[in-house]
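What follows is a set of notes on a single structure, which appears directly below.
Note on naming: letters A, B, ... go to the chains in the order of the sequence lines (proteins, then strands), and numbering restarts at 1 for each one.
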Number of protein chains: 2
Amino acid sequence: MKIGELAKRTEVPTRMLRYYEEQGLITPRRQQNGYREYDEYLVDRVKKIRGLLNSGIPTRIIGDMLPCLNQPQEIVVADPDPELREMLVRERDRMAERVALLEHHRHALTRYIAAMDRSIAATTAPRVPT
Amino acid sequence: MKIGELAKRTEVPTRMLRYYEEQGLITPRRQQNGYREYDEYLVDRVKKIRGLLNSGIPTRIIGDMLPCLNQPQEIVVADPDPELREMLVRERDRMAERVALLEHHRHALTRYIAAMDRSIAATTAPRVPT
DNA sequence: GTGCAACCTTACAGTCATGTCAAGGTTGAC
DNA sequence: GTCAACCTTGACATGACTGTAAGGTTGCAC
C-alpha cells in the first residue's frame with residue numbers, strides 16, 4: 001500500500017511515517033515512480049512504534065527493541081543481551097512511575113473541574129434557598 | 001533561597017528552573033548582584049509544574065492553571081471560565097487514555113522481560129532434565 | 001589581597017518528535 | 001488536456017528540554 005493508506009489505517013500522519021523511516025524504524029520498498037510501498041505487516045509495526053513512542057521510549061531505543069518484537073503474538077528473544085534487559089526494566093519502572101503520577105494528576109484535575117462546576121453553579125444561580 | 005538550593009530541594013535542574021521562568025511559570029525576585037531569589041512557596045509550585053509537565057500538559061496551559069491552584073489544599077476557582085473547563089476536561093480524558101496505553105505497554109514490556117529471562121536461563125543451563 | 005572552587009549570570013546552539021509549507025512529479029477520472 | 005488527489009523532497013518552526021561557552025560573585029584558605 002502507499003503512504004496515504006498506511007497513514008489512514010494507522011492514524012499516523014504521513015510526515016511521521018517518513019520520519020520513522022528516516023530513523024530506521026521502517027524501510028518500505030519503492031515503486032518505479034519513487035512512491036513508497038508498504039507491506040501489510042508494517043501496519044502492526046507502525047502501531048507498535050506509536051505505542052512505544054507514546055510511552056516515552058525514544059526512537060533510538062525502539063529501534064533496538066523492534067527486531068525482538070517481530071512476531072505479533074509469540075515473543076521471540078533472539079539475543080538475550082543483559083544490557084538490553086536492564087534498559088527495558090528501567091523503562092518499565094519509569095512507566096510505572098509515570099502511570100502513578102498521571103493518575104495522581106488526573107484525580108487532581110477531576111477534583112478541580114468539580115470545584116469549577118460548583119463555582120459556576122453558584123454564579124449562575126447565586127440564591128440558594130435557605 | 002538561591003537557584004541551586006531550589007534545584008536540590010525540587011530535584012529540578014537549575015537549567016529548567018530558568019526555563020520555567022522564561023515561560024512565565026515562576027518569577028523569582030532578584031538580589032542586588034542579579035542572583036535569583038526564590039521564596040519558600042515556590043518549592044511546592046515547582047513540584048506542581050513538574051508533575052503537570054510530566055502528565056503531558058504544556059507550559060502554556062500550566063500557566064493558565066497555576067493561578068487557580070494557589071492554595072495547596074483548598075481548590076480556589078476565581079474565574080470559572082467555561083473554555084478553561086473544557087480544556088481541562090479534554091486534558092483529563094487524554095490523561096486517562098495515556099494511562100491505559102502506558103499500562104498496556106508496561107505489561108507488554110514485563111512479558112517481554114520475562115521471556116528474555118527464560119531465554120537467558122535456557123542459554124546458561126541448556127540441558128533440562130528430561 | 002591573591003588565588004581558587006563553587007556558585008551565579010546571560011546567550012546561543014542542538015535535540016527530538018512534530019507541524020507546516022513550498023515546489024514539483026504522478027496518476028486517474030472526466 | 002486539465003484537474004484533483006495523490007506522491008516526492010526539502011526547509012523552516014515549535015515545545016520542552018539540554019549543553020555549553022564566557023563571564024560575574026562569593027566565600028574561604030593562605
*What is the distance from CD of A/Glu22 to P of C/dC16, rounded to the nearest Å?*
11 Å
_Rounding to an integer number of Å, can you tell me how far A/Gln31 CD sits from C/dT26 C1'?_
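That distance rounds to 10 Å.
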*Can you sort out the partners of A/Gln31 under side chain to side chain donor-acceptor pair (under 3.5 Å), two or more places apart, ordered by chain and number?*
A/Glu37
Show me the donor-acceptor pairs within less than 3.5 Å that the side chains of residues 14-28 of chain B make with the rest of the protein, sequence neighbours left out.
from    : atom 1 : to      : atom 2 : distance (Å)
B/Tyr20 : OH     : B/Arg50 : NH1    : 2.5
B/Glu21 : OE1    : B/Arg36 : NE     : 2.5
B/Glu21 : OE2    : B/Arg30 : NH2    : 3.4

*Tell me, please, which residues at least two apart from B/Arg92 pass salt bridge (charged side-chain N to carboxylate O under 4.0 Å, His left out).*
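Once residues adjacent in sequence are excluded, B/Arg92 has no partner under the salt bridge (charged side-chain N to carboxylate O under 4.0 Å, His left out) criterion.
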*Can you list the residues that meet the salt bridge (charged side-chain N to carboxylate O under 4.0 Å, His left out) rule with B/Glu40, with sequence neighbours excluded?*
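With sequence neighbours excluded, B/Glu40 shows a salt bridge (charged side-chain N to carboxylate O under 4.0 Å, His left out) to B/Arg9, given in chain and number order.
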_Under 4.0 angstrom between A/Tyr19 side-chain N/O and C/dA17 OP1 or OP2_ = yes
Each nucleotide N or O in nucleotides 2-5 of chain C that has a protein N or O under 3.5 Å away: list the pair and distance.
none

Restricting to side-chain contact (heavy atoms from CB on, under 4.5 Å), what partner residues turn up for [X], sequence neighbours left out?
X        : result
B/Asp93  : B/Val89
B/Glu103 : A/Val99, B/Val99, B/Arg106, B/His107
A/Lys8   : none

*Would A/Thr59 and A/Leu52 satisfy side-chain contact (heavy atoms from CB on, under 4.5 Å), going step by step from the backbone distance to the final call?*
CA-CA 9 Å; A/Thr59 50; A/Leu52 291 168; over 6 Å; no
*Taking all non-hydrogen atoms of both residues, which atom of A/Ala7 and which atom of A/Pro13 are closest, and how far apart?*
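In this case the closest contact between A/Ala7 and A/Pro13 is CB-C, 4.4 Å.
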*asked:* Within the 4.0 Å heavy-atom criterion, would you say A/Pro58 contacts the bases, only the backbone, or no part of the nucleic acid?
replied: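 Contact class for A/Pro58: sugar-phosphate only.
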*Classify every nucleotide of nucleotides 7-12 of chain C by which part a protein heavy atom approaches to under 4.0 Å, writing B for the base, S for the sugar-phosphate alone and - for neither, in 5'-to-3' order.*
BSBB-B
*asked:* Show, in sequence, the C-alpha distance, side-chain angles and deciding distance for A/Val43 and A/Met1, and conclude whether the side-chain contact (heavy atoms from CB on, under 4.5 Å) test is met.
replied: CA-CA 10 Å; A/Val43 175; A/Met1 86 200 71; 3.8 Å; yes
Considering only nitrogen or oxygen atoms on both sides, find all protein atoms under 3.5 Å from nucleotides 28-30 of chain C and state each distance.
none

